[in-house]
Amino acid sequence: MRPRAVQFLRKFIRILVANLLLLAATSPLNSEQAAGPAPRATSPAPLSRVQFNEIAAASGITFRHENGASDEKHMFETFGSGVGVIDFDNDGLPDLFFANGADLAHGKPSPGNALYRNTGNGKFVDVTAKAGLTGNGMFATGVTVGDYDNDGYLDIYLTGYGANQLFRNNGDGTFSEVTAKAGVGGGGWSSSAAWVDYDRDGYLDLFVGRYIDFDMRTAPHCGYQKPGYRMYCDPQQFDGTPSLLYHNNRDGTFTEVSRKAGVANPAGKSLGVAIGDIDGDGWPDIFVANDGVRNFLYHNKGDGTFDDITYGAGVGFDMNGKALAGMGTEIVDLDGDGLPDIFFTAFSGQYNPLFRNLGKLSFEDVTVKAGLPSSLKTLGFGAKVFDFDNDGFPDIYVTNGHVTDNVALYDRQLAYRQTDLLYRNLGGGRFREVSAESGPAFRIRHVGRGLAVADFDNDGDLDIVVSDSGGSPLLLRNDGGNRNHWIALRARGRESNRFGIGAKVRVTAAGRTQMREINPYGSYLSTSDTSLYFGLGATTLARIEIEWPGGKKQAIDGVHAGQILLLDEADAKR
């Protein structure tokens, strides 16, 4: 056969197989009851019984996001801003920081970011002014929380359109803006960022994803030339910009090493950034979800540089070889084989792919096999993998919202405001959507962007916070997740960075081991709690092992469920 005919036949077979798998995944027989009996150690309980209730206003959170929406339809108006979980005063209660946009089309600065202190009684109090975190009026996008100076207090790095800011936690409830001194002002249009000790010297470095080269003064008119039909432009009309990597000099300053480290690809249109050790060699790797161009998977070589292994790893494109509009992303072991997998969200009409880690720096698109939809009308942004019902199997939450406020004029099947999605892990690499049965929060239509999780009420199950572009955030209280047993871990680094970012934790209960890394980044423009939560199902005792970034290890047997355990590197051994 001719080469072109062979290529066509192969493509036809791939599509046929994918459709057959999709048919099997969406069959009425594909349910938790139809999955067949399985060993208790490898399958969750049949029902989650968890309900999520929205309580933001009742909790005292009055923040409202400014997206700067205008008739000119500037691209940054679609971006939204993120949210950060930060226990800024070390009282054991997760607090909340919201980044805010600005009305740049009309020359109006941002109304200001917001810091809410968790008072521990289901309420939050606005302490922004006292803390000094209002900001400089820029259009802020991403929130990245980490202790860059190892003083035991979490600091905040804020990305934005045009500039970025670093706020150092003074340890007394206030913050100091130290961007210029630290040398991390960046420039251009920055999106998601992550703290990562890529050289394992005990100090957190900073990776900053950047989006497109966009100038509101020269931006073209997009959409039909008729009243009400102007729309936001496609990112394909603009050049990309390289990401930034800042090395921590261990004296409060940073050196930009992007080119030297091999992560400065100018084609990048970064939206999501996730960190994880994909091959278990002890060195943190970086995944970048790009918008409309191939993704980047940077493998850490352990000498201060990275290799772009995207093509060989098979995570750059969808199952048909096309680049997706990647948004939020996570690196987490979803099937329990000890290898971190990659999940990210994408545009409406596309699908949110799950890439299974096969080992040896290779991945497989298992979206259809996993029972996840291969085409969606929703447009996903923030994504978090966490065990919402504490059954010992990590689940997937996706927040949705379109980028085009008048999208219904172009496609009546699409909506600007959308509801969110929750996928329950059935074990064996399979998922089922349980949004409709998981509480009134999933009936709320909004323009979801940033997403983070934390146990805000310290009751043993993880709650959700979602930022809304141009609206008020959602705070979703988890009611019922603590019916199953759980255990939570906080880390205190000594030779490693203070909060143990990058440490691997393994929890073994009832003959089954879960592996997670202490890594609160990922999602979209947001940071979750630095504490790690593990569901234990019906089990009340567990073995805990931790491997610190510096190489030390420790193990504890017979740990009782229902507690937050502090792991100190001082107790670890080589």
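Sequential numbering from 1 along the given sequence is applied to the chain's residues.
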So, [X] side chain and [Y] main chain: donor-acceptor pair closer than 3.5 Å or not?
X	Y	result
Asp365	Phe355	no
Arg210	Trp189	no
Thr345	Gly380	yes
Ser270	Asn290	no
Asp126	Tyr116	no
Asn169	Tyr153	no
Asp285	Ile278	yes
Ser192	Leu525	yes
Thr253	Ala182	no
Asp147	Arg498	no

| message | Set out, in order, the CA-CA distance, both residues' side-chain angles and the distance that settles side-chain hydrogen bond (donor to acceptor under 3.5 Å, both in side chains) for His247 and Asp199, then state yes or no. | response | CA-CA 9 Å; His247 179 257; Asp199 56 356; 2.7 Å; yes

To the nearest 0.5 Å, what is the distance between [atom1] on [X] and [atom2] on [Y]?
X	Y	atom1	atom2	result
Asn118	Asp87	CG	CG	8.5 Å
Phe343	Asn352	CZ	CG	4.5 Å
Asp197	Ile275	CG	CD1	11.5 Å
Leu451	Ser528	CG	OG	6.5 Å
Thr329	Tyr521	OG1	OH	15.5 Å
Glu330	Leu354	CD	CG	12.0 Å

Between [X] and [Y]: side-chain donor-acceptor atoms closer than 3.5 Å:
X	Y	value
Asn53	Asp479	yes
Asn100	Ser81	no
His299	Asp279	yes
Tyr533	Arg516	no

| Would you say Lys301 has more than 12 foreign heavy atoms packed within less than 6.0 Å of its NZ? | yes

Would you mind reporting whether [Y] and [X] have side-chain heavy atoms less than 4.5 Å apart?
X	Y	result
Asn295	Phe344	yes
Leu475	Ile61	yes
Asp205	Tyr246	no
Val85	Thr527	no
Pro242	Asn265	no
Lys573	Lys553	no
Glu517	Leu532	no
Leu426	Phe393	no

Any ion pair linking [Y] and [X] (charged N to carboxylate O, less than 4.0 Å)?
X	Y	result
Arg494	Asp568	yes
Lys552	Glu569	no
Glu495	Arg574	yes
Asp149	Arg250	no
Asp337	Arg356	yes
Arg483	Asp389	no

| field | Parallel, tilted or perpendicular, as decided by the 30° and 60° cut-offs, for the rings of Phe124 and Phe456 | value | perpendicular

| Between Phe52 and Phe388, how do the two ring planes meet: parallel, tilted or perpendicular, split at 30° and 60°? | tilted

Residue pair [X] / [Y]: nearest heavy atoms and the distance that separates them:
X	Y	result
Ser523	Lys384	CB-CD, 3.7 Å
Leu462	Asp455	CD2-N, 3.6 Å
Asn478	Asp463	N-OD1, 2.8 Å
Thr159	Asn164	CA-OD1, 3.1 Å
Ala114	Phe63	CB-CD1, 3.6 Å
Asp461	Gly480	OD2-N, 3.9 Å

| field | Candidate pair Leu96 and Val465, rule side-chain contact (heavy atoms from CB on, under 4.5 Å), full reasoning | value | CA-CA 9 Å; Leu96 280 171; Val465 59; 3.9 Å; yes

| request: Kindly indicate, with the supporting measurements, whether the criterion side-chain contact (heavy atoms from CB on, under 4.5 Å) is fulfilled by Phe97 and Val83. | output: CA-CA 6 Å; Phe97 179 83; Val83 55; over 6 Å; no

| message | With ring-ring contact (aromatic ring centres under 6.0 Å, His included) as the criterion, how do Tyr211 and Phe79 come out once you've worked through the C-alpha distance, each side chain's angles and the decisive distance to 0.1 Å? | response | CA-CA 10 Å; Tyr211 195 46; Phe79 218 65; 5.3 Å; yes

| Less than 6.0 Å separating the ring centroids of Phe207 and Tyr198? | no

| query | Does the separation of the ring centres of Phe167 and Tyr157 fall below 6.0 angstrom? | reply | no

| query | Checking Arg430 against Tyr423: charged group under 6.0 Å from the ring centre and within 45 degrees of the axis? | reply | no

| Stepwise, does the side-chain contact (heavy atoms from CB on, under 4.5 Å) test hold for Phe431 with Leu334? | CA-CA 10 Å; Phe431 292 83; Leu334 277 159; 3.7 Å; yes

| Considering the options Leu206, Thr179, Ile156, which one meets the side-chain contact (heavy atoms from CB on, under 4.5 Å) requirement together with Leu166? | Thr179

Using atom types as modelled, flag every donor-acceptor pair under 3.5 Å from a side chain in residues 556-565 to any protein atom, sequence neighbours excluded.
{"from": "Asp557", "atom 1": "OD1", "to": "Arg543", "atom 2": "NH1", "distance (Å)": "2.7"}
{"from": "Asp557", "atom 1": "OD2", "to": "Arg543", "atom 2": "NH1", "distance (Å)": "2.9"}
{"from": "Gln563", "atom 1": "NE2", "to": "His560", "atom 2": "O", "distance (Å)": "2.9"}

| Derivation and outcome, side-chain contact (heavy atoms from CB on, under 4.5 Å), residues Asp151 and Arg168 | CA-CA 10 Å; Asp151 66 351; Arg168 180 180 179 273; 3.4 Å; yes

